[in-house]
Every structure is written in structure tokens, then in C-alpha cells.
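When a ligand or atom number is given, it counts from 1 through the structure's own listing order.
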Amino acid sequence: MNPIDRLLREKIGLDAASVGSSSIERIVRRRMKSLGLKKIEEYQRLLESRSCAQGRDEWEELVESVVVTETWFFRDRDPFTALVQLVRCEWLPQHSTGPLRLLSLPCSSGEEPYSLAMALLDADIPPERFTIDAVDVSARALARAQRGVYGKNSFRGKGLDFRGRYFQAAPDGHALHPRVRDCVQFHRANIFEEQFLAGRAAYDFIFCRNLLIYFDGAAQTRALEKVHRLLAPQGVLFVGPAELPLAIRHGFVSANVPMAFACRRAGEATRPPPVRRERAPRAPKFVAPLMPAASTPISAGKQAQRPAAAGAAPPSQADLAAARQLADAGELAAAAAICQAHLDRQGPSAQAFYLLGLVHDSGGDPQAMDYYRKALYLEPDHFESLLQMSLLLEKNGDSVGARTFKRRAERVQQKP
Ligand SMILES: C[S@@+](CC[C@H](N)C(=O)[O-])C[C@H]1O[C@@H](n2cnc3c(N)ncnc32)[C@H](O)[C@@H]1O
């Protein structure tokens with residue numbers, strides 16, 4: 001491993017392979033050129049000399065260049081709906097006083113913690129009843145968060161009615177209403193610092209989504225230990241779609257909230273009953289549009305047959321919903337079996353292939369990509385498959401391919 005990759009892994013947990021070693025190499029070359037350095041060892045020495053201001057500044061510059069700060073409001077939607085239900089059905093009845101404590105880690109440029117605030121305000125929970133801490137290692141992302149002005153990439157999917165309620169048009173985007181801004185306290189910190197959030201009271205809900213996917217196994221373990229310590233005994237942790245199996249391997253159990261990727265600390269004496277799934281009244285879930293098959297076939301999808309565009313019965317979604325629930329609960333083999341049975345019975349289905357992709361992805365199986373491609377062969381605009389393809393390619397070091405899929409996903413979102 002090259003010394004800079006090693007340093008990034010040690011200090012911020014970054015697994016170079018997750019963002020592509022070649023893109024880190026490019027960043028390092030660019031940094032060295034701007035500093036007039038020829039040898040990687042000289043750059044390494046500079047980064048390690050953190051007692052001098054130049055070394056510290058350069059380390060920060062490097063971190064800012066390598067972190068992936070991609071995020072948007074109400075990302076994945078269901079976790080926010082689940083949070084509101086859990087607060088209403090469990091937390092409020094058990095706490096007549098005192099604030100509900102939430103943590104968004106990492107918060108990037110603020111879309112996630114502000115979405116938490118908007119979801120709670122929409123549920124008529126007054127700001128004095130909750131506190132939201134939001135933490136990230138990136139000073140630049142935090143500066144954007146504190147400014148609170150967002151461009152179109154922060155608003156994706158279809159349920160954007162919250163924008164009309166909580167934002168005002170500004171010359172360079174949409175400015176968040178101070179009422180929401182004031183609900184969030186931002187902090188700059190690296191989860192691997194020894195004193196990370198030391199002395200804080202435990203949190204009732206932690207959103208730790210799309211962080212572990214950038215770490216190697218050892219860093220995932222260290223990070224999950226910290227999160228475990230920060231979560232109240234009856235608290236709920238929300239992770240990203242591919243991260244639930246990791247949490248379950250590290251001291252958490254599924255909270256059995258479909259599609260929310262939520263879990264609780266394992267072994268707590270009283271575990272509240274599972275939460276029914278309901279839609280949030282003013283924040284409808286984004287559903288990937290079912291588009292007619294129209295684009296160029298992709299070779300890996302050869303085995304998939306496109307369904308007849310007209311007259312074909314829509315596939316039953318019930319078993320796929322069950323498969324999704326099982327995948328969400330970390331029951332990957334059972335989820336895969338249901339998807340396979342669905343395919344055998346109903347014929348090709350983009351959603352079944354997508355779920356199989358997700359299941360294989362969670363286990364780090366390269367076959368995941370074939371499944372996403374099959375989904376996209378059937379439904380070229382299958383938004384979630386486009387996103388997962390982009391993430392997987394980035395992880396495999398194919399930044400150009402990743403960008404292509406990301407752009408396709410963005411185009412899908414921009415469609416009326
Ligand atoms: C893809 S964003 C996720 C944001 C949000 N949670 C979401 O799911 O949309 C990943 C964030 O992790 C932050 N990050 C990476 N390593 C970190 C570390 N060691 N400590 C704290 N934050 C870190 C990055 O700066 C980046 O903003």
C-alpha cells in the first residue's frame with residue numbers, strides 16, 4: 001500500500017479502494033505539483049509533520065479532496081418516515097419532559113440533519129423538544145451546511161414539497177429558513193479521534209449513513225464501537241442500505257422497520273415492538289419510475305428478457321416488499337431466495353434484479369453489478385440501480401463509468 005493511502009486509512013479510516021486508488025493517486029499528484037514536490041516521501045513527511053502549520057494545512061487540504069460529500073435532502077426517504085413514527089409511538093410516550101437527542105454523523109453539507117429537523121417540525125414536534133448534533137470531518141462541507149443555501153443537486157426525487165415550506169429562493173439557490181437552521185448544531189470532528197464527542201449524553205437516534213462504506217473492515221469495527229457507545233440503550237441507529245449487515249455483525253440487531261435500515265443495540269432487555277410502516281403525511285416516498293424499456297441493451301443483461309411493453313401484467317410487488325424487508329433485517333439469504341422465486345414465477349423484473357444486486361453488494365460479491373445491469377436493461381431509468389452502479393464503479397476505481405451512471409441518475413431525477 002502506498003504511504004499516503006496508509007495514512008488516510010489510519011487517520012480517517014478511508015479505504016482507498018472505496019473511492020478508487022487511481023483517483024487518490026491523481027489527487028496526491030496534483031497536491032504535490034502545487035507544492036513543487038517531486039517525491040512521494042517528501043509529501044508523506046510534510047503530512048506527518050502536523051506540528052508545523054504547513055503540514056496541518058496540507059493534511060486538511062488532502063482530506064477535503066478525498067472525502068465524498070455526496071448527499072441530498074430526505075435521502076432514501078423511509079428512514080425519516082420511520083424516525084417520526086418511532087418518536088411518536090415510542091419516545092414521546094416514554095418521555096414527558098426533556099429533549100429528544102439526535103445525531104447526524106456524518107452530516108456532510110447539512111442536508112441530512114436539516115431533513116431530520118424538517119421531518120420533526122412537520123410532525124408538530126416543537127424545536128424545544130429536540131436537539132440535533134451534526135458532525136463531519138470536512139470543514140468545507142460544514143461551511144456549506146452553516147450557510148444553508150442549496151442548489152438543485154440537494155433536491156432529488158419527487159417529494160419536494162418541503163422546499164416550498166422551508167426554503168426561500170436566493171440568487172444562488174434556495175436558502176433554508178432560520179427556523180430550521182437553528183435546530184442543528186454543527187461540529188467538526190473525525191470519528192477516529194480519541195476524544196470524539198467525549199462527555200456527550202447518549203443519543204436517542206443516530207443517523208450514521210453512507211460512512212462505513214468508505215472504510216475498511218478494521219475502521220468499520222472501530223467506528224461502530226464508537227457509535228454503539230454514543231447510542232442510548234433504547235436508541236435506534238439508522239445506517240445506509242448496504243451498511244445494515246455490517247451493523248448486525250457488530251453488536252446491533254435489526255429494528256424491523258421495513259426499508260429504513262434501522263437497528264438497535266443487541267441484548268437490551270426491553271425491545272419495543274416493531275413499528276408499522278406508514279407514509280409521512282407531507283413527505284411522500286420516492287418511487288423509482290417504471291419506464292418503458294427504451295435504451296441500448298447492456299451486455300451483462302443478455303439473459304434478461306424485456307417484458308412486453310403492452311398487455312403484460314404488472315408483477316406482484318408483495319413478495320418483493322417482503323424480500324426488501326428481509327434484506328433490511330440482514331436476512332440476506334432469505335431475501336435472495338424470495339427474489340429468485342419471484343423471478344422464476346413472474347419472469348424478469350427490474351426490482352427483483354435490483355434487490356438481488358443489493359443482497360450481493362452487501363456481501364461484497366462482484367456479481368452485484370450483473371444484477372444491477374439486468375435491472376437497468378429492463379428499466380433503463382431504474383434510479384436506485386443507477387445510483388448503486390455509480391457507487392460500485394467508483395469503489396472499483398472506474399471514476400469515468402461511475403460518473404456516467406451518476407449523470408444518468410441525475411437525468412432521471414430531473415424528469416418531470
Ligand atoms: C457520503 S457523505 C454522507 C452524508 C450523509 N450521512 C448521507 O448519507 O447523505 C460522507 C461524509 O463522511 C464524512 N467523513 C468521512 N470520513 C469521516 C471521518 N473519519 N469522520 C467524520 N466524518 C467523515 C465526509 O466528509 C462526508 O461528508
Side-chain angles (χ1 to χ4, degrees), residues 5 7-16 18-20 24 27 59-80 83 102-119 132-146 150 153-157 184 186-198 203 205-216 218-227 230 237-244 246-247 260-262 286 384 387-388 390-391 394-395 402 406 409:
D5 286 0
L7 216 50
L8 287 167
R9 177 173 293 210
E10 262 169 41
K11 303 290 177 202
I12 61 164
L14 181 74
D15 176 7
S18 73
V19 285
I24 295 197
I27 290 166
W59 172 251
E60 307 222 328
E61 195 61 51
L62 179 65
V63 169
E64 294 293 348
S65 313
V66 297
V67 288
V68 179
T69 55
E70 181 82 0
T71 185
W72 58 94
F73 288 107
F74 289 101
R75 183 176 191 170
D76 299 333
R77 191 66 73 175
D78 290 289
F80 299 93
L83 167 77
L102 296 107
L103 172 66
S104 165
L105 160 71
C107 62
S108 185
S109 36
E111 287 87 332
E112 181 178 273
Y114 288 141
S115 301
L116 295 173
M118 288 185 275
I132 303 175
D133 284 331
V135 179
D136 204 282
V137 75
S138 162
R140 285 185 200 154
L142 289 171
R144 292 200 297 278
Q146 274 157 327
Y150 293 95
N153 271 346
S154 298
F155 301 95
R156 306 188 194 179
V184 182
F186 290 99
H187 311 272
R188 184 172 181 210
N190 171 1
I191 190 171
F192 298 111
E193 282 160 17
E194 220 174 289
Q195 290 298 306
F196 181 72
L197 297 185
Y203 292 92
F205 294 94
I206 298 182
F207 273 57
C208 181
R209 304 187 309 152
N210 305 302
L211 176 69
L212 303 170
I213 47 172
Y214 297 107
F215 294 165
D216 71 340
Q220 286 166 343
T221 304
R222 282 193 288 152
L224 281 164
E225 279 167 9
K226 298 229 174 182
V227 170
L230 287 167
L237 166 68
F238 290 87
V239 290
E243 296 166 330
L244 191 66
L246 283 174
F261 311 102
F286 170 77
E384 289 170 301
L387 276 188
Q388 293 301 335
S390 162
L391 282 173
E394 193 73 66
K395 199 168 167 185
K406 197 170 146 210

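The distance criterion of under 3.5 Å between nitrogen or oxygen atoms is met by Glu112 with respect to ligand 1. By the 3.5 Å distance cut-off applied to N or O atoms, Val67 is not counted among the residues near ligand 1. Considering backbone and side-chain N/O of Ile12, one or more are found under 3.5 Å from N/O of ligand 1. Backbone and side-chain nitrogen or oxygen atoms of Tyr214 are examined, and none is located within less than 3.5 angstrom of a nitrogen or oxygen of ligand 1.
Heavy atoms from both the backbone and the side chain of Arg209 come within less than 4.0 Å of ligand 1. Contacts of Phe207 with ligand 1, taken as heavy-atom pairs under 4.0 Å, are absent altogether.
The protein heavy atom nearest to atom 9 (O) of ligand 1 is Thr71 OG1, 2.6 Å. If you check which protein heavy atom lies closest to atom 19 (N) of ligand 1, you get Asn190 OD1, 2.9 Å. The single protein non-hydrogen atom nearest to atom 23 (C) of ligand 1 is Val137 CG1, 3.5 Å, given as residue, atom name and distance. What sits closest to atom 8 (O) of ligand 1 on the protein, heavy atoms only, is Asn210 ND2, 2.8 Å. Given atom 20 (N) of ligand 1, the protein heavy atom at minimum distance is Ile191 N, 3.1 Å. Among protein heavy atoms, the minimum distance from atom 7 (C) of ligand 1 is reached at Arg75 NH1, 3.3 Å. Distance from atom 16 (N) of ligand 1 to its nearest protein heavy atom, with residue and atom name: Leu211 CD1, 3.7 Å. The nearest heavy-atom contact from the protein to atom 24 (C) of ligand 1 is Asp136 OD1, 3.4 Å.
For the pair Phe261/Glu243, no side-chain contact is recorded, criterion being any heavy-atom separation below 4.5 Å from C-beta on. A 4.5 Å side-chain heavy-atom check between Asn190 and Phe196 finds every atom pair outside the cut-off. Glu112 places none of its side-chain heavy atoms less than 4.5 Å from the side chain of Cys107.
Comparing Gly240, Ala139, Pro106 by heavy-atom distance to atom 6 (N) of ligand 1, the nearest is Pro106. Nearest residue to atom 21 (C) of ligand 1 from Ala189, Ser115, Ser138, Ala145 is Ala189 (criterion: closest heavy atom). Checking Val68, Leu212, Leu14 against atom 10 (C) of ligand 1, the nearest heavy atom belongs to Val68.
The pair Arg156-Glu70 counts as a salt bridge, with a side-chain nitrogen and a carboxylate oxygen less than 4.0 angstrom apart. In summary, Arg140 and Glu61 engage in a salt bridge, as defined by a charged side-chain N under 4.0 Å from a carboxylate O.
In summary, the atoms of ligand 1 found under 4.0 Å from a heavy atom of Phe192, numbered by their order in the structure, are 19 (N).
Residues Pro79 and Asp76 approach most closely at CD-O, 3.4 Å, considering heavy atoms.
The line from NZ of Lys406 to OG of Ser390 is 6.5 Å long, rounded to the nearest 0.5 Å. We find the CG-CG distance between Leu105 and Leu237 to be 9.5 Å, quoted to the nearest 0.5 Å. Once rounded to the nearest 0.5 Å, the distance linking CG of Leu116 with CZ of Phe238 reads 9.0 Å. Within the model, atoms CG of Asp136 and OG of Ser108 stand 5.5 Å from one another, a figure rounded to the nearest 0.5 Å.
Of the candidates Leu102, Asp133, Ile132, Asp133 is the only one forming a side chain to side chain contact (heavy atoms under 4.5 Å, CB included) with Tyr203.
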